[in-house]
Amino acid sequence: MMARLARLRLNALVGGTLLLIALIAALVGQFAPPSDPIKPDFLVLLQPPSWEHPFGTDQFGRDMLSRVLAGAWVSLYAATLTVIVAFLLGTTLGALAGFYGGWIDRGVSVVTETLMAFPGLLLALAIMAVMGAGLVPLVTALGLAFAPSFVRVTRALVLSLKEKEFVEASRALGNSQTYTLFRHIVPNCVSSLSVLCTTILALALLAESALSFLGLGVQPPAPSWGGMLADGRGVMVQAPWMVIFPGVAIFGALLGINLLGDALRDWLDPRMEGEV
Amino acid sequence: MLRYVILRCLASIPTMFLVAVTVFVLMRLVPGDPATLMVGDVTQVERIERLREEMGLNDPLLVQFIAWMGALLQGDFGTSFINGAPVLPTLLDRFAVTAQVVAISVLLAAVIAVPLGMIAAWRQNRSVDNVIVTTSIAAMSVPSFWIGLMLILVFGIELGWLPSVGYVSLTDDLTRGIMYLIMPVAALVMAELGTILRMSRAATIEVMRLDYITHARAKGLSEADVLRRHAFPNAFAPTLTIIGLTLGALLGGAAVIETVFTLPGLGRHLIDAISSRDYPVVQGVMLLVALSYILVNLITDLLYPLFDPRVRL
Amino acid sequence: MKTAILQMRDVTIAFGGREWPTDVVTSASLSVGAGEFHAIVGESGSGKTMLARAALGLLPPGGRVRAGSITFDGTELVGLGSRSIRALRGKKMGMVFQDPLTSLNPSMRIGAQMCEATMLHEKLSVKDAQDRAIDMLARVGIPHGARALGCYPHEFSGGMRQRIMIASTLLLKPQLLIADEPTTALDAIVQADIMDLIRDVTRDLGTAVLMISHDLGLVADRADRVSVMDAGVIVEAGPVDDILIEPRHAKTKALLAALPQGEVKPPQSAQVAPLLHVTGAHVSFAGRKPWPWAKAPHTHALRDVDITLCPGETLAIVGASGSGKTTLGRAIAGLQDLTSGRIQFGDADITHPLASRRRELAREIQIVFQDPMGSLDPRVRVGDSVAEGLRHTKTLSRADRRKKALTTLTACGLDEDFAARFPHQLSGGQRQRVGIARALIMQPKIIVLDEPVSALDVTVQAQVLDLLERLQRDHDLSYIFISHDLGVVESIANRVMVMEDGIVVEEGHAAEVFRAPQHPFTCRLLSILPELKPQGRGYRLVRRQTHLDPATRREESPCPQPTTA
């Protein structure tokens, strides 16, 4: 038990710190980068890390540190937007389907099942094939791709809560359906959904960097971690720093989110309460 | 039992149909006119118009859809805009490569992750559990394409132990084929390990708190027998679903790994097709992947009752 | 006394770390003689389960025997290596658990689970193990054992699963059977059957029993010796007869007082207009379609049920699970639509209340649920839960509502400081009082009580029943009291209705039904009730002797045969 608490606290601490670093990095990268992350400087092409350029420079002479910092903003921004889109779309549809049932439920189920029949990145790739590359298509595509997870979880939660006696009691007290939904059902979904949000945030960040790596996400010269890895791939032999630092950045941000999510999941697990 | 199998198979037919509809609609949403894209020259109005007529693009959408579905059912996935070759044969070649890499990776990941997850659950909240869980979180946080690049950098370039890019079919030359597969498989195993491990752990924890586990212990069974005979079958059912989902997801999502290691797989084929706007190929890949995904899910669902006989449809 | 097979001396069981241990059992001593039926009786949280589990070395994670000694057949168990204790488990000591739904492995066939232990400990061949299993199944009342071996647990009812569990545990002819509330999750009749079964089979096999229960009435005439536990301490122990005749400790007296007293309420005297009138109530549910194109089979939960309820009256509806009693209660509370039939409240037809009328109706008819945990929103404070129903009374200010909630809580026997707590900080009995307060605050005329005490310890049951009676007097309430156990309703009901398969099989004034039951099912329900009869200075516990007596037969009602759907 002590070990569990210790791990929970350590995970929350390390995860929180990593995420905080990523957030600060994003803000610095967006508003006060050490040097311009986009403008080429042909005097310092492919410089190894030095005091002046701690992360080295890329094949256009741009400071990798500035690019990694600026990339933090782009990546976190895109991932957060994705989660917001998926969350709003998914929970609304899921709650409606679970609570009202009937044809709404059938309609929502058909749509989610169809969307879920496209595995992983495929749906996002297809949507981007139609919409073209860029931030807006990226967020739309990933938002649509992740929304079914929210639909499924919300619907299942609402369905199980609807059977609970306290929801029946609310009906017996003469409360309207809307009141019951917002007073008794929605608050009881919060903890599960917040855990899901951290999971999806990590997946969205991963998917964003994967798509940018494939050249379908945020378009050059705008810096994104995935795009930087793609840039560095060709010159990996001469300039390994170009693939090391953006990768470490993705890893750090993902680790932060995943650790925090794990701590949250443990902390919110109702079965852990009151256990000796 | 037979009823379950039949119903489950029937239930996947509407999904396949809806997938086809979705792909059809998506491809009609593509900006620009397919005939123009195919001719590649906007000024040749007459040729474009002739092609439109040939391709049936002037018919009502429903007629187009029926014609398209009819062709699909006969195995006609259309011809590529780029080289005019039929889409399907290339797709199947590419699919074989992806399927090989993905199947080996997921199998390997499952073989490692399922027992580790069970051990972690068995020793829940002890130090073994903490180590396993923390390691799996770390593994989950490494992007597969980055670990791929790092592997190439270390084992391919620095040490020169393994070929860094390319592919040799296992059926052509087993040893060389394996050499080429080691790094992509390692990257994928690492990326997928965490998800399966966490599911296995969570499901085992769920099961271990139930009375029948205590009952098994009360019967005098050893801990190994309790885990193997009583915990495993019940905890494996939900894990199996996750393994199936992972397998299916990778069929379409291995594009990044295929790009890193320049494997001639389906994912890279799709990326190439998207960048060259070769829509018949895009459409073909989507259909093929979605169908195989539905098939994999169908198979895992059909295997499910082996582990949980209570399942009903 | 026979030689002790299990001997516990000054056993202290602690949870938590070495530095801050919390003792859940303090210095408990007991001994179980060979072939003896020993019952540990106490409320939930008294430590009785932990004590029994310690004997098998199966304490939950974090628990350990901090002091004392446990010897089994001369072997000291405390500190014994896991291999040696495993050799005893199953072979010498078996255990039966509370919830038969989770104590059998759902993914293994019955045969594999039953034969596992015999094959392990006695190295029997599969064939021999199966034959033994079939024999044992026959002894616990499951014929066609060979077929049962090939089935999965979910194909059996709860009672059957508990029989299988017992058979599987007794296969190795252990010297001691530990049974942890083996019938608490079951219907009253099944409870009695399983208890008798355990007593009879273990007597035949010469197996000693350590039975854990919260219900003295259930074990008293089956056990040889009783230990009463309270707050981790054994407060009283001795032969059953001594304890019944001369209970010394307050806890024992409370447990005895919770038994049905055999006093029945008189029928409502004055003839008044009925408050509630249900006629021809019929509810059917569409079942699963076997094929998508097939017609859904219908199950009939209620068939043509009539009820009248007079003001101030308590109508008890008694039946086994699946008899339709809960569906009926929910229909009256407006939570379940009738397929056909009519519900009248006073002069108003409330069969299908409009949304607007439902709110009005909420002031007249309220409901209290069975599961005290599930019936309260875990995220809403007790005070807010209770006050929620006043939302629609626009004349009340926020402060008024608060004040009213506090008074109602007090009326239900809870201090005002409970208002700020969350449900998980309350005990089962306290939660049920909150549930009652939530209904009471609406000042309804009728409260539907759906198994309001079945999930509670018997001593708490008695307290809640007392509360309900007091509230009925003070607030002029009518109750519809749903229960699977006639004993629970004996002291509170004016009239009793017995249901089976969605049909009312017997109805009458409580006095008549308890004195001269007309239907075989009612007789069965009555025959399992324990009753304390004065004997000498103390009491003697007897089961009711009931039989259908043609001489006392009241007006006979033809019993319609359920038609198969």
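Side-chain atoms are counted along with the backbone in the values below, which use heavy atoms only and exclude waters and symmetry mates. Here is how names work: the chains are called A, B, and so on, in the same order as the sequence lines, proteins then strands, and each is numbered from 1.
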- [ ] Could you pull out the closest heavy-atom pair between B/K219 and C/Q113, with the gap in Å?
- [x] NZ-O, 2.7 Å

Task: Atom of B/G220, atom of C/L120 and distance for their closest heavy-atom approach - done: O-CD2, 3.5 Å

Task: Inter-residue atom distance B/D211.CG - C/D180.CG, 0.5 Å rounding - done: 8.5 Å

- [ ] Please report the closest heavy-atom contact between B/A218 and C/M95, naming both atoms and the distance.
- [x] CB-CB, 4.1 Å

- [ ] Taking all heavy atoms of C/R86 and all of B/S222, pick out the closest pair and write down the distance.
- [x] NE-CA, 3.3 Å

Open item on the list: What's the separation between atom CG in C/L58 and atom CD1 in B/I213, rounded to the nearest 0.5 Å?
Closed with: 12.0 Å

- [ ] Return yes if some donor-acceptor pair links the side-chain N/O of B/H215 with the main-chain N/O of C/M165 below 3.5 Å, else return no.
- [x] no

TODO: Check whether any side-chain heavy atom of B/Y212 sits under 4.5 Å from a side-chain heavy atom of C/P106, and report yes or no.
DONE: yes

Task: Residues, nucleotides or ligands: over 12 heavy atoms within 6.0 Å of B/F17 CZ - done: no

Task: Spatial distance of atom OG1 (C/T102) from atom CZ (B/R209) [nearest 0.5 Å] - done: 12.0 Å

Open item on the list: Is it the case that the side chains of C/S107 and B/N234 hold a donor-acceptor pair, with the cut-off being a distance below 3.5 Å and no angle test?
Closed with: yes

Open item on the list: Counting only heavy atoms not in C/R147 (residues, nucleotides, ligands), do more than 12 fall under 6.0 Å from its CZ?
Closed with: no

- [ ] Give, as side chain, backbone, both or neither, the part of C/S168 having an atom under 4.5 angstrom from any heavy atom of chain B.
- [x] side chain

- [ ] Report the option among C/R83, C/M108, C/E116, C/E155 that has the most heavy-atom pairs separated by less than 4.5 Å from atoms of chain B.
- [x] C/E116

Task: Contact origin within C/R53 toward chain B - heavy atom pairs under 4.5 Å - done: side chain

Task: Under 4.5 Å from any heavy atom of chain C - which part of B/I6 - done: side chain

TODO: Among the options B/L221, B/L306, B/L210, pick out the one with the most heavy-atom pairs lying under 4.5 Å from chain C.
DONE: B/L221

